[in-house]
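Here's the structure we're looking at; comments come further down.
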There are 2 protein chains.
Amino acid sequence: MGPTSEILTAERILEATEEVLRRHGPAKATVVDVARALGVSHGSVYRHFRTKAALREAVTKRWLDRTSGELSGIAAGNGDPETRLRDWLAALFAAKRRKAGGDPELFATYTVLTDENGAAVGEHIADLTSQLTRIIQAGVETGDFAAADPRATARAVFQATGRFHDPCYAREWEEPGAEADFTAVVDLLVRGLRP
Amino acid sequence: MGPTSEILTAERILEATEEVLRRHGPAKATVVDVARALGVSHGSVYRHFRTKAALREAVTKRWLDRTSGELSGIAAGNGDPETRLRDWLAALFAAKRRKAGGDPELFATYTVLTDENGAAVGEHIADLTSQLTRIIQAGVETGDFAAADPRATARAVFQATGRFHDPCYAREWEEPGAEADFTAVVDLLVRGLRP
DNA sequence: CGAATGACAGATATTGAAATCTGTCAGCTG
DNA sequence: CAGCTGACAGATTTCAATATCTGTCATTCG
C-alpha cells in the first residue's frame, strides 16, 4: 500500500504542507495543493485544521521547535558558563546562517510564515530566552557572572545579539566581517556579565 | 510673485518631492506629481535629477543627514564619556521612536526609501558609527573605557543596540517594556566597556 | 543660448472580468 | 456511523486590456 492509503493524520498533513510550501512558495501554496499532494479532498484537510492560517501556524511552530531543540542541548550542558554562553550564541548564529545561506528560498518562505505568526515567534523567543536564562543563572551561581535579574539580563543578551539571529538581518550574515562583528559583540557582552 | 515663478533649483525639487511623498506615499509618488506640484513639466525635473531613483536617493540622504545632525552635538560634547555614550544612545532611540510613533505613515514612507537606497543607509551608519567611535575614543583617553580597537568597539555597540534604532523593530518601540529593555542592554554594554 | 517644453517609445501600474481558492455542510461510502 | 467527498457562496487571485509613468530629445521660448 502506498502512503496515500494511510490514515490521514495531522502529522501527514503537516509534512505535505511543508513539501507544498517548499515547492510552490508561501504565496502560491494553497490548501487545495496540500489536499492534492495527499490524494484527498480539501474538505478532509479542514477536518484537522480549522483554517488555512491554523495550518500554516502549525507548520511554523514545528519549524521553530526544531530550531529550539538544536540549542537546548548546549544550554543544558555543564561546562563553565562563559564557554556555554559563547557556544550557545555561536550555535544560534551558525544555525540561522546555515539555514539562510543553504536554501535561501526555503528560508524566505519561513520568514514569511514567521511574519504571519507573531504569537508562535513570541513563544519561540520566550523559549530561547529561557534557555539563556538558565545559562546565566548557572553563571551567577558559580560566580562567573554578576546579574541582579538573570531573566532580564538574558533578555538583554538576546536582544543585543539580534543582528546575528533575527531574520531581518539575514542578508548581512554572509558578508566578510560578519564573524568578526559577532565576536566583538559577544566579547563586549561577556565582559559586561563578569562580576 | 508666487514660489512658482522662482528659478527651479534642485533644492526646490527636493522640497516638493518630500511633500508629494508625504501626500501620496512612496508607491504612488511620481515624477509627474512632483512636476505638477512645482508647476513645471516633468522634463524640467529630469534636468536636475537623471532618474527618479536618483531623486528619491537625494531625498533619502537629506532625511538621514538631518537625523545624524541631531546627534552630532552630543557626540561632540565634553562631559564624561560614559554619560555622553548613554545620552547619545538614548537620543538616538528617542529620535527614532518619536519619528516612528509621531507620524507612522511618513515613517513607513522613509522606511521604503531607505530599503531602496542601501548605499545611502550605509553612509549614514558609517557616520553614526564614527560619532560613536569619537565618544569611545574619548573614554579610552580618560581611562573610563577599555577598548583595544575603538572603531570595532563602536561598531559592536551600534550593532548591539540595533533593536532600539533599526526601523525593522519600529513596531516594538511602543511596547511597555521597551524603555527597560533599552536600559538593560545599555547597562550591559557600558559594563563591558569599563577597564 | 541656456532653460523649459511636450510628444513619444518602452516600461510599469491599474482595472475589472474570469478563474481559483477558502471554508461549510448535506450527503455518500466503506 | 466516522470519515471523506464535492458542490457551493463569498473572498481572493490572476490576467489581459487600458491607462499612466519614465526617460529622451527635437523644438520652442525668453
Side-chain angles (χ1 to χ4, degrees), chain A residues 1-61 105 108-109 112-113 115-117 119-120, chain B residues 1-60 105 108-109 112-113 115-117 120:
Chain A
M1 305 225 175
T4 347
S5 60
E6 301 276 333
I7 293 167
L8 186 62
T9 61
E11 183 60 23
R12 282 189 64 222
I13 293 173
L14 289 175
E15 268 159 30
T17 305
E18 284 195 356
E19 178 60 18
V20 168
L21 281 165
R22 200 171 281 123
R23 273 218 197 324
H24 301 335
K28 292 193 184 170
T30 71
V31 176
V32 171
D33 289 330
V34 173
R36 192 166 23 239
L38 288 161
V40 299
S41 77
H42 73 279
S44 301
V45 174
Y46 279 98
R47 171 166 304 283
H48 295 268
F49 295 93
R50 267 206 312 297
T51 65
K52 183 189 185 181
L55 174 57
R56 287 165 79 112
E57 187 185 1
V59 170
T60 309
K61 280 203 168 112
E105 276 192 51
T109 292
V112 171
L113 289 183
D115 284 349
E116 283 173 9
N117 295 294
Chain B
M1 304 236 174
T4 346
S5 61
E6 302 277 335
I7 294 167
L8 186 62
T9 61
E11 184 60 24
R12 282 188 64 222
I13 293 173
L14 289 175
E15 269 158 30
T17 306
E18 282 193 359
E19 178 60 17
V20 168
L21 282 165
R22 201 172 279 124
R23 272 219 199 321
H24 301 335
K28 293 191 183 170
T30 71
V31 176
V32 171
D33 289 330
V34 174
R36 195 170 16 243
L38 289 162
V40 299
S41 77
H42 73 278
S44 300
V45 173
Y46 280 99
R47 172 167 301 282
H48 295 268
F49 296 94
R50 267 207 314 295
T51 64
K52 183 189 186 182
L55 174 56
R56 289 166 77 113
E57 188 187 0
V59 170
T60 308
E105 276 192 51
T109 292
V112 171
L113 289 184
D115 284 349
E116 285 173 8
N117 294 296

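The shown structure was predicted, so the numbers you read here are calculated from the model rather than taken from an experiment. Order of the sequence lines sets the chain letters (A, B, ...), proteins ahead of strands, with each chain counted from 1.
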Report all interatomic pairs (protein N or O, nucleotide N or O of nucleotides 12-19 of chain D) with separations under 3.5 Å.
none

Problem - Neighbour count above 12 (heavy atom, 6.0 Å) for B:Glu105 CD - result: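 Result for CD/B:Glu105: open.
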
Practice task
Verify the contact: side-chain N or O of A:Ser41 to OP1 or OP2 of D:dT5, cut-off strictly under 4.0 Å; return yes or no.
Solution key: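 So the side chain of A:Ser41 is within the cut-off, an N or O lying under 4.0 Å from OP1 or OP2 of D:dT5.
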
Any idea which heavy atoms bring [X] and [Y] closest together, and the distance?
X        : Y        : value
A:Ala120 : A:Lys61  : CB-CG, 3.9 Å
B:His48  : B:Ala10  : ND1-N, 3.8 Å
A:Gly25  : A:Thr109 : CA-OG1, 4.1 Å
A:Leu21  : A:Pro26  : CD2-CA, 3.8 Å

Practice task
To the nearest Å, give me how far apart CD1 (A:Ile13) and C1' (D:dG3) are.
Solution key: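 Distance check: A:Ile13 CD1 to D:dG3 C1' gives 12 Å.
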
Exercise for the section: Could you tell me the separation between the CZ atom of A:Arg12 and the C1' atom of D:dC4, rounded to a whole number of Å? Expected result: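 Taking CZ of A:Arg12 and C1' of D:dC4, I get 13 Å after rounding.
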
Practice task
Sorted by first residue and then second, give each side-chain hydrogen bond (donor to acceptor under 3.5 Å, both in side chains) pair with at least one member in residues 22-36 of chain B; sequence neighbours left out.
Solution key: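 Matches after skipping sequence neighbours: B:Glu19-B:Arg22, B:Glu19-B:Arg23, B:Thr30-B:Asp33, B:Asp33-B:Arg36.
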
Identify the pairs formed between an N or O of the protein and an N or O of nucleotides 18-26 of chain C at a distance under 3.5 Å, and give each distance.
unit_1, atom_1, unit_2, atom_2, d
C:dT22, OP1, A:Val31, N, 3.1
C:dT22, OP1, A:Lys52, NZ, 3.2
C:dT22, OP2, A:Val31, N, 3.1
C:dT22, OP2, A:Val32, N, 3.4
C:dG23, OP2, A:Tyr46, OH, 3.0
C:dG23, OP2, A:Lys52, N, 2.5
C:dG23, N7, A:His42, NE2, 3.3
C:dG23, O6, A:His42, NE2, 2.9

Exercise for the section: Quick one: do B:Val59 and B:Phe49 satisfy side chain to side chain contact (heavy atoms under 4.5 Å, CB included)? Show the steps, please. Expected result: CA-CA 11 Å; B:Val59 170; B:Phe49 296 94; over 6 Å; no

Problem - Sole residue of B:Val34, B:Leu8, B:Ile13 in side chain to side chain contact (heavy atoms under 4.5 Å, CB included) with B:Val40 - result: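 Of the listed options, the one satisfying the test is B:Leu8.
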
